[in-house]
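I have placed the structure first, in the form of structure tokens, so that the comments after it can refer back to it.
Both counts, for ligands and for their atoms, begin at 1 and track the order of listing. Source: prediction; values computed, not measured.
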Amino acid sequence: MIIITASLMCASQLYLYRDVRSLLNAGIDMFHFDIMDGDFVENIALNIDLIKELRSVTHKKFDAHLMVRRPSKFISRLKDAGVNIIYFHIEAAEDPHYVIELIKREGLEAGLVINPETSLERIYPYIGQIDYLMFMTVQPGFAGQKFEHAVLHKIDQLREFRCGKNDSLKLVADGAINEKTLPQLAERGVHVFVGGSAGLFNQEGFNNNLEILKQRDLMVTSLEKK
Ligand code: DX5
Ligand code: ZN
């Protein structure tokens, strides 16, 4: 069964608590926090205090997607705030071995993120060390962009490389996830999906949207069995 993590930058910032409660009632699996520093990406979003406050509302897993230049500076505060998984970008100018080590030392799960135009080879040296690999399927920084189809080839490329190197590695996709894009990713082995403006935070409502996204995965699974 796939996992949907709700991207809270796409929620109403005014009625954030209301949206979180509704997502919990609808059966959301996890919550996704996009942390942006206005430097690594041309936007500023969410902060650690918000995570800390929301931690008192739910025991669901929290994942933090760091779109910042120096991810190592924030690891221990994110841990204290109640985050379970930290993803940082391979493009952030820091030694990934060092950052992964810091995340693990805090007892958290570690994930690397790769932008659509970054070559997959850059993550090869770290594949044995990480718990998650997140593919950006839009450019990082803003909600509401179009799906980057070329990323599908990158996921295929990973399948060839990875064979036997890290069997427990979980694949994540972030950006423009909806009923059309999810099946194409799920059939390539993506297991965790960031629900944003495209497929979760729209007029149709959380109950309906979650049901549709989960159904699309079941369709992929049953086709594979045939
Ligand atoms: C983009 C963020 C995503 C975003 C995806 O930089 O990382 O989490 O919210 O949402 P949509 O569905 O709008 O692409
Ligand atoms: Zn994100």
Side chains of [X] and [Y] only: does a donor on one sit below 3.5 Å from an acceptor on the other?
X      : Y      : answer
Asn25  : Ser22  : no
Asp63  : Thr5   : yes
Gln129 : Glu101 : no
Asp34  : Ser7   : yes

Ligand 1 atoms in contact with [X] (distance to a heavy atom under 4.0 Å):
X      : result
Met9   : 9 (O)
Pro140 : 6 (O)
Val194 : 8 (O)
Ala143 : 13 (O)
Ala176 : 11 (P), 12 (O), 14 (O)
His32  : 8 (O)
His65  : 7 (O)

Taking [atom] as the reference point, the nearest protein heavy atom with its distance:
atom                    : result
atom 3 (C) of ligand 1  : Asp174 OD1, 3.0 Å
atom 6 (O) of ligand 1  : Gly141 N, 2.7 Å
atom 1 (C) of ligand 1  : Phe142 O, 3.7 Å
atom 10 (O) of ligand 1 : Gly196 CA, 3.5 Å

*Tell me, please, whether Phe62 has Lys60 positioned over its six-membered ring: NZ or CZ under 6.0 Å from the ring centre and within 45 degrees of its axis?*
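The answer is no; the distance or angle limit is not met.
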_Between Lys154 (side chain only) and Pro116 (backbone N and O only), is there a donor and an acceptor less than 3.5 Å apart?_
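Flag set: sc Lys154 to bb Pro116 pair under 3.5 Å.
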*Counting distance only, does the side-chain N/O of Gln13 pair as donor-acceptor with the main-chain N or O of Leu8 below 3.5 Å?*
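A pair under 3.5 Å: yes.
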_Please check whether Gly144 reaches ligand 1 - meaning an N/O of the residue sits under 3.5 Å from an N/O of the ligand, judged on distance alone._
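Yes; the residue has a nitrogen or oxygen that sits under 3.5 Å from a nitrogen or oxygen of the ligand.
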*Where on Ser7 is there a heavy atom closer than 4.0 Å to ligand 1, on the side chain, on the backbone, on both, or on neither?*
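Answer for Ser7: side chain.
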*Have a look at ligand 1 and work out which part of Ala198, if any, has a heavy atom under 4.0 Å from it: side chain, backbone, both or neither.*
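Both parts.
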*Identify, by name, the N, O or S atom of His65 lying closest to the Zn ion (ligand 2).*
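Closest N, O or S atom of His65 to the Zn ion (ligand 2): ND1.
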*Nearest to the Zn ion (ligand 2), which N, O or S atom of Asp174 do we find?*
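In Asp174, the heteroatom (N, O or S) nearest the Zn ion (ligand 2) is OD2.
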*Have a look at the Zn ion (ligand 2) and estimate, to 10 degrees, the angle subtended by NE2 (His32) and OD1 (Asp34).*
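Result: 90°, to 10°.
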